[in-house]
Amino acid sequence: MSGTNTLRQRLGALAGGANRWAVLAVLCVSLLLVALDSTILHVAVPSVTEDLRPGAVELLWIVDAYPLVCASLLILFGTLGDRVGRRRILLLGYGLFGLASAIAALADNAQLLIAARALLGTGGAMIMPATLSILRTVFPDRRERALAIGIWTAVAAVGAAGGPVIGGFLVQHFWWGSVFLINIPLMALILPLGRWLLPESKGTGGGPWDVLGALMAAGGVLATVFGVKRAGADRTFLEAGALAPLLIGAVLLVLFVRRQKRRKHPLVDIGMFSRAAFTTSVACIVLAMLALVGLELIAVQYLQLVLHLTPLQTGLRLLPLTFAAMAAGATGSYTLQRVGPRTMVSLGFTLTACAVLLLTLMGLDDRPWLLTFGFVLLGFGLQTTLFGAYESMLSEAPASKAGGAAAIGETSYQLGAGMGIALLGSVMNAAYMPGLREVPGVSAADSGRAAHSLGEAYQIARRLGGPAGESLYSAARHSFVHGLHVTLGVSAVLLLAGAAMALKLPRGLEAEPGPAEPVRIPGQSGPCPDPVAGPAARRSS
């Protein structure tokens, strides 16, 4: 009997999270699936359109339901995990993600697919902050945590970049539902593995959970992100479709902040924003994502519409950016320990600004070596910035509030991505339009329609044909490259501003001592010191 108990204790120690690197592996697989689903559907949109025949609005919601719902619920589930248990929320997220994947794969109409995508966003919102908060708990030593965050961010980059590649392969060989179906066996594997390996931890906050505050935060973030996305589609923040939700979101978020300041047991400790390092880290995440997503979108348009590369060739051209981001994540821990958060984030922004200025040499002709070198600098610089900013943000937040801090970081990530499309898209459009106002042989009506996008300009040029079509084609290409250069210049200014802003971060790493907390390991009758997670973790069977 004693041998059985000893075996149970050994297994329990492993199940309780004694091998923190195994825990990290489970968390990274979780993040990989969520990151894949954020981009994997993009290449399947034509097949979905052909099969389900959605309307224009329905197609928009098929694509946007996942990121909108996910972004809006991050704070809700991040703070709920601090109250009821982060592992519990994560495991529920696994189950919901698998169920929603099955519904999406088998959907036979657009409405059901939209609902399934919303459920996927809910599951993603339960998974994303939980992975970061558990990572914060399991790695209390800041140097080890820096290495873990480097691996975590590298996996996120791989997932986002690999989505279109995997999705394209699946759609080509199977059908569009297979891009969701691959989640089910992985979730069936990771759910019991996560239940066995992941430690349970909670925050120290007491009192009732603020349901109204959570709904206000969800509504505020949803309206804000939706407004930003509408601004990206309309190319202006002044359109009613963008301005109204932005105002509603701002009002709800202001009311949420005021409510949290008054409550004895707030959902989010607003006092964290009084720390310059925390606020600066969040702002750096927003700015880095703004640059990354906006520049990637414009780069894809340039490669396909100006250089006339195929989607596969475009993906291959962007691979150096992904590989450089992975390298930055893998070496981030070493860099952070050598130079500290302030220099690391500022250097990352500066390196990215140099890459952006280098890319202004792009023109109407293909320069593959220039693009490759520029994308390598861009990926390495931005990932270095994100690494340092995430590490500083998590380290500034108390371990007991890791869920709320992680949710704020992920919300900033999503908001920055939406702002990048809207802001840089607006700059691009403003610089592109003037070059098409007076094209010889082209009417004012055709010129106005051609100013909407380069793709539409090509369609009109083909319809016109002859000298007028050639003039419009040439003018549109030149205007797009001019707009690209202006947009890159604006991006460089924003990135250099980020480099200056990062100077508010600490110079070096600081130790994080704390009182030991009792933990409970399965198979034992009482609490014992945690041999791995140390003072920051609390576990229960």
Side-chain angles (χ1 to χ4, degrees), residues 29-74 76-77 89-131 155-156 158-192 194 218 221-222 225-226 229 311 410 414 417-418:
V29 173
S30 310
L31 177 67
L32 182 65
L33 288 173
V34 176
L36 278 172
D37 258 60
S38 65
T39 58
I40 198 170
L41 184 64
H42 292 174
V43 294
V45 167
S47 299
V48 171
T49 303
E50 183 179 353
D51 188 18
L52 301 184
R53 303 291 180 183
V57 175
E58 289 175 329
L59 184 60
L60 178 68
W61 279 104
I62 287 173
V63 175
D64 285 346
Y66 178 85
L68 282 174
V69 172
C70 185
S72 65
L73 297 179
L74 286 167
L76 188 154
F77 286 119
I89 294 297
L90 182 60
L91 295 179
L92 288 173
Y94 288 162
L96 184 59
F97 205 84
L99 176 63
S101 297
I103 296 173
L106 302 176
D108 59 358
N109 59 74
Q111 294 79 14
L112 184 58
L113 182 56
I114 292 170
R117 289 279 287 170
L119 282 178
L120 276 170
T122 305
M126 300 171 81
I127 293 171
M128 289 180 72
T131 60
V155 168
V158 171
V165 178
I166 296 174
F169 174 83
L170 291 172
V171 171
Q172 183 176 344
H173 290 85
F174 302 100
W175 92 109
W176 62 263
S178 60
V179 303
F180 301 111
L181 209 59
I182 61 169
N183 294 333
I184 298 175
L186 291 173
M187 282 299 171
L189 172 65
I190 202 173
L191 184 58
V221 173
L222 176 63
V225 175
F226 179 74
K229 283 183 172 288
E410 293 299 330
Q414 298 284 349

Engineer: Is there a side-chain contact between L99 and L119 in this structure, where contact means two heavy atoms from C-beta onward sitting under 4.5 Å apart?
Structural biologist: no

Engineer: Looking at every heavy atom in both A105 and G177, which two are closest together, and how far apart are they?
Structural biologist: CB-O, 3.3 Å

Engineer: Quick one: side chain to side chain donor-acceptor pair (under 3.5 Å) pairs with a partner in residues 89-102, sequence neighbours left out?
Structural biologist: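 Side chain to side chain donor-acceptor pair (under 3.5 Å) check on residues 89-102 returns S30-Y94, S101-N183.
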
Engineer: Report the C-alpha separation of L106 and F180 in whole Å, then their side-chain angles, then the decisive distance to 0.1 Å, and conclude whether the side-chain contact (heavy atoms from CB on, under 4.5 Å) test is met.
Structural biologist: CA-CA 9 Å; L106 302 176; F180 301 111; over 6 Å; no

Engineer: Rounded to the nearest 0.5 Å, what separates atom OH in Y66 from atom OG1 in T122?
Structural biologist: 10.0 Å

Engineer: A110: what forms a side chain to side chain contact (heavy atoms under 4.5 Å, CB included) with it, not counting sequence neighbours?
Structural biologist: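 Partners of A110 under the side chain to side chain contact (heavy atoms under 4.5 Å, CB included) test: P54, E58, I62.
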
Engineer: Who are the side chain to side chain contact (heavy atoms under 4.5 Å, CB included) partners of A118, not counting sequence neighbours?
Structural biologist: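 Testing A118 for side chain to side chain contact (heavy atoms under 4.5 Å, CB included), a comparison that skips the adjacent residues, returns V69.
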
Engineer: Just to verify, what does V29 make a side chain to side chain contact (heavy atoms under 4.5 Å, CB included) with, not counting sequence neighbours?
Structural biologist: I190

Engineer: If you look at every heavy atom in G124 and C70, which pair is closest and at what distance?
Structural biologist: C-SG, 3.9 Å

Engineer: Can you give me the closest heavy-atom contact between M187 and P192, atom names plus distance?
Structural biologist: O-CD, 4.5 Å

Engineer: Is there a side-chain contact between M126 and L90 in this structure, where contact means two heavy atoms from C-beta onward sitting under 4.5 Å apart?
Structural biologist: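 The answer is no, as the side chains (C-beta and beyond) never meet within the 4.5 Å cut-off.
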
Engineer: The criterion is side chain to side chain contact (heavy atoms under 4.5 Å, CB included); which residues satisfy it with L112, sequence neighbours excluded?
Structural biologist: I103, A107, D108, N109

